[in-house]
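Each chain gets a letter, A, B and so on, in the order the sequences are listed, and its residues count up from 1. Here the structure is a predicted model, which means the values were calculated and not measured.
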Protein chains: 2
Amino acid sequence: MQGNKIRNMDEFAALCGISRPTVSKYFHDPASVRPKTRARIEQALADYDYTPNIFAMNQNRKLTKNVGIVVPYLADPFFAEIARNLEQRCIDAGYRPSLHSSHGKPELENDILDSLRSLKPAGVLLAPLGRVSDPGVIEKFCADVPTVLFDSYLPDAGLAFVGSDNPQFSRLMVDYLCRTGEPPCFFEMKHPTNPNANRRRQSYIQAMTALGHEPQIFQAEGKGWDFEEIGRREGGRALAEGAFRTNTVLCSNDRLAIGFLSACYESKIRVGIEADCDIRVAGHDDHPFSRFTCPSLTTVAQDYEEISRRSVELLFAAIEGDKTEGTAGGTRQDYFLEGSLIMRKSA
Amino acid sequence: MQGNKIRNMDEFAALCGISRPTVSKYFHDPASVRPKTRARIEQALADYDYTPNIFAMNQNRKLTKNVGIVVPYLADPFFAEIARNLEQRCIDAGYRPSLHSSHGKPELENDILDSLRSLKPAGVLLAPLGRVSDPGVIEKFCADVPTVLFDSYLPDAGLAFVGSDNPQFSRLMVDYLCRTGEPPCFFEMKHPTNPNANRRRQSYIQAMTALGHEPQIFQAEGKGWDFEEIGRREGGRALAEGAFRTNTVLCSNDRLAIGFLSACYESKIRVGIEADCDIRVAGHDDHPFSRFTCPSLTTVAQDYEEISRRSVELLFAAIEGDKTEGTAGGTRQDYFLEGSLIMRKSA
DNA sequence: GCTGAAACTTTCCGCGCGTAAAATTTATTT
DNA sequence: AAATAAATTTTACGCGCGGAAAGTTTCAGC
């Protein structure tokens, strides 16, 4: 590790006594140069520590190793966890992930997609904002860049979609709740950003009707991504108004449920399945913190691992398939993964 | 928006009837070209929608507008929130943030710093992993790139440090707890990754001694970033062993406290300040979820806003100061922000 | 030891844009 | 209106690297 700073590949190649393109080839695939050459490069590499400039590399490359990951809101632990998982998988597959959060803002989502274009990514993993996304922009982007959508379903865009079978989620939970106690009321946001929420509501209604119960929905006012706060405030209001006809509340997602649990606690309403409890509460998603609520939250688990595993798998298959098949496209695949019931103490 | 794709600035400039460097100058500062020229460019911009390639832009620029943000673990809502805040501030200041998480791994932290070099960032906002960071690598990086460190203190590196006055945090909480009930026992991880934890322990001891109480510390086994899980498991163990001499527990951070609250609930130990409660629990940080725990968590709030505000302010001052002052350096500034007591229901 | 293919290396040009210096236009002054 | 100063635009080259084509070496087979 001598102090001499190496500015570029030319200088480094000179130090090796080899031409630059050969060194370039080495970095592309170390096994592609003669062992003797390789040894000299690796010796120099140990002596002078040099790293090729990644962005200059990608500038003129046919296929880069860049992968863009875009989530709607990174401060939501669900997306933070998914993003972490996706990033790791990309790294393991030899790609360079770059993470972006739309922070709930459509303009920012558009900006991110714009700047991703300059990155010339091999592919993009995109969880759209949902209702507020600009469909035109996203479709156009997907037409230009191999993109796998996840979490938030958008028709006719991208190579594939990977998400949850939301109707199955709600059906599963409604069945369970009805089987073990009073039928649930549904607690959700009036204007959910995520389209999953709508499917959950619809299938709640269906499942209830199928079981011969009358659906009852309480819609919380509020905008943005502060779901816990909305759940707490509006949940408290609903409780004060006696808005729930039964002693069971099914929340549209776990973050709302966490807020609602907090409201119950403040109203001294005991939550749980034990004899002395007043109300049962359940959620959707199996949020990372749901096992630590008091009581622990009964929910339907999204399969984080499987969502991320399959998303990257589909993307890489498409990227690497492109080499042989050309830009075939046309055969978009949608995967709706089943959730599993996580029975804890709250319902 | 005609369908013609514009590939580069040359083509776009030709469409405007202007030379490329002039267009380049326009993108650098629209006001720097003649109004007539500007109008023509903006007309063409509206007609053909073209965006300069960001990475090619930065390739040969003296000062880029890139800012790297590095946090140790993005799935921790504290860092997610800080990161969100920092990103927004950078955008507002006209910079291009790129977010990176070390995911708790020192190798990844090093890799991130490496790839940030190629980004030629104007500056970097870095929250090191802490104990497991490679100090040599970080110091070397800070010597090459203007860097403001935050959250995790590291001596002799970077332009500045912005973090919390941890001794003040613990002192504040110990004083409060002692004033309002039994003196607290301290609950922490045996091998904390974050150096803040050590300062909190030390000042807990000091504060207790100063008040004439004997400090008592329970150290949880466990590695990694699953603090809630560790808090729940080890907290449950401590409770079962009757390890706490008093009815008050001060947790080293809120995530640990959240896990501990969960353990209390499972052990049917009532937490809070009301008459029928068995134990008081407090934390440090004012984690985003702390207000939604049951009971809501009494804690010392880190000033998220101020940490991020001051971090970016210092960084941009240094970046923009460089133009005139040269790389003066030498005058590293450390800011240790005071926390404020957040009195909720748990203690 | 020689031929010829395979492997490797070198030459050369291009990616999309920044930027200094030169050439041109525009504004100001007398 | 001419001369000078100021602002703007153009010319020309470079950033750090990828990749095709041309040149050179290596090694098996005879």
K.L.:
Could you check which of D:dT9, C:dT9, C:dT19 has an atom nearest any side-chain atom of A:K25?
P.N.:
C:dT9
K.L.:
Would A:H103 and B:E87 count as a side-chain hydrogen bond (donor to acceptor under 3.5 Å, both in side chains) here? Give the steps.
P.N.:
CA-CA 10 Å; A:H103 296 320; B:E87 251 193 296; 2.9 Å; yes
K.L.:
Any side-chain N or O of B:T22 below 4.0 angstrom from OP1/OP2 of D:dT10?
P.N.:
yes
K.L.:
Just the rounded figure in Å: distance from P of C:dG14 to CE of B:M9.
P.N.:
20 Å
K.L.:
Under 4.0 Å: is that the gap between some side-chain N or O of A:S24 and OP1 or OP2 of D:dG18?
P.N.:
yes
K.L.:
Compare side-chain N and O positions of B:Y50 against OP1 and OP2 of C:dC17 and report whether any pair is under 4.0 Å apart.
P.N.:
yes
K.L.:
Would you kindly compare B:A31 and B:Q59 by the position of their nearest DNA chain D nucleotide and give the one closer to the 5′ end?
P.N.:
B:A31
K.L.:
Out of C:dG16, D:dT10, C:dT9, which has the shortest distance to the side chain of B:N53?
P.N.:
C:dG16
K.L.:
Out of D:dG18, C:dT19, C:dC15, which has the shortest distance to the side chain of B:P21?
P.N.:
C:dT19
K.L.:
Base, sugar-phosphate, or nothing: which does A:S118 touch, judged by heavy atoms less than 4.0 Å apart?
P.N.:
nothing
K.L.:
Compare all side-chain heavy atoms of B:L116 with those of B:F141 and state whether any distance is below 4.5 angstrom.
P.N.:
yes
K.L.:
Rounding to an integer number of Å, can you tell me how far A:F27 CZ sits from D:dC17 P?
P.N.:
9 Å
K.L.:
Send over the distance from A:Y26 OH to C:dT10 P, rounded to a whole Å.
P.N.:
17 Å
K.L.:
Between B:T64 and B:N58, does any side-chain donor sit less than 3.5 Å from a side-chain acceptor?
P.N.:
no
K.L.:
Let me know the distance between NZ of A:K36 and P of C:dA7, rounded to the nearest Å.
P.N.:
19 Å
K.L.:
From C-beta outward on B:R34, which listed nucleotide comes closest to its side chain: C:dG18, C:dG16, D:dT8?
P.N.:
D:dT8
K.L.:
Rounding to a whole Å, what distance do you find between A:K120:NZ and D:dC17:P?
P.N.:
15 Å
K.L.:
Taking only the side-chain heavy atoms of B:H28 (C-beta and beyond), determine which of C:dT19, D:dG16, D:dG19 contains the nearest atom.
P.N.:
C:dT19
K.L.:
Could you state the atom-to-atom distance from CZ of B:R38 to C1' of D:dT8 in whole Å?
P.N.:
15 Å
K.L.:
Indicate the atoms forming the closest heavy-atom contact of B:S133 with B:E109, along with that distance.
P.N.:
OG-OE1, 2.6 Å
K.L.:
Ignoring the backbone of A:M57, work out which of D:dT10, C:dG16, D:dG18 is nearest its side chain.
P.N.:
D:dG18
K.L.:
May I ask you to decide if the ring planes of B:W225 and B:Y73 are parallel, tilted or perpendicular, using 30° and 60° as cut-offs?
P.N.:
parallel
K.L.:
Let me know the distance between CZ of A:R117 and C1' of C:dC15, rounded to the nearest Å.
P.N.:
19 Å
K.L.:
Does B:S19 have a side-chain nitrogen or oxygen under 4.0 Å from the phosphate oxygens OP1 or OP2 of D:dT11?
P.N.:
no
K.L.:
On DNA chain D, nearest-nucleotide positions of B:P35 versus A:N58: which is more 5'?
P.N.:
B:P35
K.L.:
What is the distance, rounded to the nearest whole Å, between atom CZ of A:F55 and atom P of D:dG16?
P.N.:
14 Å
K.L.:
Can a donor-acceptor pair be found, under 3.5 Å and without considering hydrogens, that links the side chain of A:N66 to the backbone of A:A122?
P.N.:
no
